[in-house]
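Hydrogens, waters and symmetry mates are skipped; everything else that's a heavy atom, side chains included, is used. This structure is a prediction, so every number in the text was calculated from the model and none was measured.
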Amino acid sequence: MAAEPARMKVEELEKNRQWWWVAEKKRSRRLDYLRKAIWKKGAVGGLYTPGVTVDLEMGELLKEAHEAESGCPQPRVLLEAKMFAHYLDNKTIFITDKAQLVHYVGSLPNTLWWNPAFAGMLNEEVFNDPTVCPDPVEINRKRMTAICDYWAGKSDQDRLMPFFDFEDQLKIMTGAVGWGAAVTKGGYSGKDYEFLFDGKTGFLQIIEELNRK
């Protein structure tokens, strides 16, 4: 009977290419601490880990920037850049104990990313989820209402969907969930890791590939 990986020596695990167990054996005390300190953000059975809440900071900062630029006609890509710059200049930066990589898109380690400028449908789901509103709930529900009301009709999805028929809308939404979406604010987004890691992310390379295919 083969030995259980947990009882095997590192050298034997490496020989067997059992890399997960090698990492388990070699992990430092600092990494062990950080691993246990990570907040699990995935929902199980539609419910998030107790204590995980939606982050409201990004929505409010993007709203501030969008309002400030609303009277200035300009290319959409420039508006998106200004909104993102305002967010980066004013967002909360946290540093967790023993960390070397600092921060996360949320304002706290236990918060979920929420960009309300992306999709009105997503905003409705966030607002109607009773489990993710941070305390104090009464105050933050009002903040969420203000964010959702402002982006209604202004989000990427709300602006683009009138140009697609219903079948195309379903394809876009299901495709975005499964494979990511190519949006102006995020550039190329998806699971084609070789495309990303090879550095082929410039516009000229993308145009060349489109022309070739």
Side-chain angles (χ1 to χ4, degrees), residues 14 16-20 22-23 38 40-43 54-55 57-59 61-91 93 100-107 111-126 147-148 150-213:
E14 289 177 333
N16 294 339
R17 303 175 68 85
Q18 293 175 279
W19 304 120
W20 189 90
V22 171
I38 290 175
K40 183 179 179 182
K41 303 293 176 59
V54 69
D55 186 65
E57 185 177 70
M58 173 179 270
L61 289 175
L62 294 180
K63 176 176 176 290
E64 288 176 6
H66 193 275
E67 285 178 320
E69 299 290 332
S70 60
C72 308
Q74 57 191 305
R76 182 71 188 188
V77 67
L78 182 58
L79 173 60
E80 294 288 351
K82 290 180 178 179
M83 290 165 54
F84 190 54
H86 180 73
Y87 163 69
L88 293 179
D89 287 341
N90 295 279
K91 73 188 306 296
I93 302 293
Q100 292 179 339
L101 298 176
V102 176
H103 198 55
Y104 154 70
V105 289
S107 57
T111 55
L112 295 164
W113 173 86
W114 178 33
N115 183 344
F118 181 62
M121 184 182 296
L122 173 62
N123 297 343
E124 291 178 10
E125 289 189 16
V126 172
I147 292 171
C148 290
Y150 181 80
W151 289 108
K154 300 185 184 74
S155 73
D156 294 343
Q157 179 200 42
D158 294 332
R159 292 186 303 108
L160 292 174
M161 282 306 180
F163 298 98
F164 298 95
D165 62 30
F166 183 70
E167 183 179 353
D168 285 339
Q169 291 183 32
L170 290 179
K171 290 178 181 178
I172 291 170
M173 295 309 299
T174 55
V177 170
W179 296 98
V183 294
T184 55
K185 63 170 59 67
Y188 180 88
S189 175
K191 297 181 179 179
D192 187 352
Y193 301 120
E194 291 182 1
F195 185 94
L196 297 172
F197 294 148
D198 285 348
K200 299 176 183 177
T201 55
F203 286 122
L204 290 179
Q205 288 91 337
I206 294 173
I207 291 172
E208 288 174 4
E209 183 174 351
L210 289 172
N211 290 334
R212 188 170 61 254
K213 295 184 178 181

Reported [atom1]-to-[atom2] distance for the pair [X] and [Y], which is rounded to 0.5 angstrom:
X      : Y      : atom1 : atom2 : value
Lys63  : Ser70  : NZ    : OG    : 10.5 Å
Glu64  : His86  : CD    : NE2   : 4.0 Å
Gln74  : Lys82  : CD    : NZ    : 4.0 Å
Asp156 : Trp151 : CG    : CH2   : 8.5 Å
Leu62  : Phe118 : CG    : CZ    : 13.5 Å

Could I get the full list of side chain to side chain contact (heavy atoms under 4.5 Å, CB included) partners for [X], not counting sequence neighbours?
X      : value
Pro162 : none
Lys213 : Glu209
Lys91  : Glu57, Leu61, Tyr87, Leu88, Ile93, His103

### Message
Given 3.5 Å as the limit, does a donor-acceptor pair link the side chain of Asp158 with the main chain of Ala152, or not?
### Response
no

So which heavy atom on [X] is nearest to which on [Y], and how close?
X      : Y      : answer
Lys154 : Arg76  : O-NH2, 4.1 Å
Thr111 : Gly106 : OG1-CA, 3.4 Å
Tyr104 : Trp113 : OH-N, 3.4 Å
Gly120 : Ser155 : N-OG, 3.1 Å

### Message
Surrounding CZ of Phe84 (heavy atoms of other residues, nucleotides or ligands, distance under 6.0 Å), is the total greater than 12?
### Response
no

### Task
Determine, step by step, whether Asn123 and Ile147 satisfy the side-chain contact (heavy atoms from CB on, under 4.5 Å) criterion, reporting the C-alpha distance in whole Å, the side-chain angles of both residues, the deciding distance to 0.1 Å, and the verdict.
CA-CA 9 Å; Asn123 297 343; Ile147 292 171; 6.0 Å; no

